[in-house]
**Student:** 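Pasting in a structure now, in structure tokens, and then I'll have a few things to ask.
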Amino acid sequence: MSIKILFFGELSESIKKSEITLEIPNSLSVGSLFTNLMKDYQSLGEKWQNHILYAVNHTQVKRDFIVTDGDEVAFMPPMSGG
Amino acid sequence: MSIKILFFGELSESIKKSEITLEIPNSLSVGSLFTNLMKDYQSLGEKWQNHILYAVNHTQVKRDFIVTDGDEVAFMPPMSGG
Amino acid sequence: MKYLTKQKICAQSLSIKQSHPNCGGLCTFEGIVRNHHNGKSVKKMEYQAYEVMAEKELSSLIAYIQNKWPMCNVDLIHRIGNLEIGDVAVAIAVWAPHRKEAFQACEATIDRLKKTVPIWKKEFYTDGNNDWVICTHQSE
Amino acid sequence: MKYLTKQKICAQSLSIKQSHPNCGGLCTFEGIVRNHHNGKSVKKMEYQAYEVMAEKELSSLIAYIQNKWPMCNVDLIHRIGNLEIGDVAVAIAVWAPHRKEAFQACEATIDRLKKTVPIWKKEFYTDGNNDWVICTHQSE
């Protein structure tokens with residue numbers, strides 16, 4: 001299945017990507033998706049592991065939320081608007 | 001001695017005066033001054049007795065403050081600005 | 001007159017006079033003539049001040065607030081005379097490095113203004129009656 | 001874009017859109033780019049948003065506040081893109097019949113906005129460095 005993934009703020013800047021589309025064979029949680037994606041960026045992954053916020057289709061979700069085909073997933077640093 | 005007296009708000013409207021100048025023989029407190037002046041307006045005097053605020057020369061004072069020659073005394077209902 | 005005026009006022013006219021590059025927050029308050037009070041339908045208001053003393057008290061009020069919140073910058077203006085529904089009676093602006101102080105100082109300014117500044121208002125109702133407002137100094 | 005904009009903003013531009021004759025108080029807050037943060041000298045800021053979600057969260061935020069303070073009317077706007085010192089990043093306006101609710105609801109709006117709306121800011125310092133702001137959600 002096909003998942004669109006968005007990165008924001010420092011996270012996006014660090015991995016030099018703001019958006020990717022991923023083909024994944026099985027359903028998995030947003031938390032696992034993040035861990036898998038961060039394998040190439042180990043120190044970054046560890047830094048953000050406990051602080052990252054997850055959104056699926058513009059709604060914040062917990063790390064065990066399971067993605068489905070066509071979802072738009074966002075990995076977000078803690079918000080700092082205002 | 002000569003005292004200028006100002007009335008404000010409902011008090012001024014009720015007695016139909018906003019300013020008078022009074023010649024008084026002896027020093028007296030602003031509280032006594034008010035009681036004396038209100039003799040002609042008994043029900044009004046009783047209504048305001050415990051609510052009136054006193055100022056002398058643009059500074060709020062307590063009812064036992066003694067006026068002196070040339071003072072500007074103000075009798076003020078509770079403030080309602082803003 | 002410095003803090004009193006008979007002209008229309010708004011918080012924005014305070015803002016544009018000021019620039020505080022170290023301040024990250026601006027909280028403003030406008031007290032507006034509303035169309036009802038204590039269940040009565042209000043048509044207009046008349047504000048009367050003991051002008052000389054009110055100017056002095058408004059100046060003292062600013063000094064008091066800036067002393068209590070030393071990082072804050074406070075400005076204000078109070079209208080007197082005849083006001084219509086929707087007109088701004090008082091406008092207060094507080095700049096502060098952080099927002100919490102801006103909110104606190106702005107609310108403290110309007111709370112204290114109502115207690116210390118010799119201004120009185122008279123309400124004119126749609127039924128033709130009128131009344132001086134007797135302020136209980138609760139939230140209103 | 002409804003609540004996000006790349007143009008200059010101010011609370012006054014919210015005010016003039018609104019008329020609430022039953023409201024006696026208007027409290028506004030402007031978050032302004034200041035020239036310092038955590039001891040560093042700031043030159044400018046860049047605000048980035050997850051735009052679709054931010055619009056949705058800002059709309060939800062207004063609904064949340066108006067549900068909690070049913071007598072209040074809330075409007076807001078948040079700027080994104082490049083901001084200079086003194087520029088307004090966010091402007092919030094709350095009209096209420098009584099002032100206490102206006103202050104409470106306005107402060108609650110900016111507090112909650114900082115936690116729920118996907119916007120991030122990067123500070124550019126006068127020494128040439130830059131950093132994304134990591135928000136602790138204390139008063140700032």
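Chain identifiers are assigned alphabetically (A, B, ...) following the order of the sequence lines, protein sequences preceding nucleic acid strands; residue numbering begins at 1 within each chain.
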**Student:** Between C:Pro21, C:Cys27, C:Gly25, which has the largest tally of heavy atom pairs under 4.5 Å with chain D?
**Tutor:**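 Result: the option with the highest number of such pairs is C:Pro21.
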**Student:** Name all pairs fulfilling the salt bridge (Lys or Arg N to Asp or Glu O under 4.0 Å) condition that reach into residues 58-78 of chain D, sequence neighbours left out, sorted by first residue then second.
**Tutor:** D:Lys17-D:Asp75
**Student:** Quick one: does C:Ile110's side chain get under 4.5 Å of D:Phe103's, heavy atoms only?
**Tutor:**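 SC-SC contact between C:Ile110 and D:Phe103 confirmed.
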**Student:** What are the residues of residues 1-12 of chain C, in order of number, with any heavy atom under 4.5 angstrom from a heavy atom of chain D?
**Tutor:** C:Cys10, C:Gln12
**Student:** Considering all heavy atoms of both residues, which atom of D:Asn22 and which atom of C:Asn35 are nearest to each other, and what is their separation?
**Tutor:**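 What the structure gives for the nearest pair is CA-OD1, 3.4 Å.
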**Student:** Output the distance between atom CZ (D:Arg99) and atom CD1 (C:Ile92), rounded to the nearest 0.5 Å.
**Tutor:**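 Going from CZ on D:Arg99 over to CD1 on C:Ile92, the span is 9.0 Å.
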**Student:** Answer with side chain, backbone, both or neither: which region of C:Thr28 has an atom nearer than 4.5 Å to a non-hydrogen atom of chain D?
**Tutor:** both
**Student:** Is D:Arg34 reaching over with its side chain to a backbone N or O of C:Pro97, donor-acceptor style, under 3.5 angstrom?
**Tutor:** yes
**Student:** Return the CD to SG distance between D:Glu30 and C:Cys23, rounded to the nearest 0.5 Å.
**Tutor:**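 D:Glu30 atom CD to C:Cys23 atom SG measures 12.5 Å (nearest 0.5 Å).
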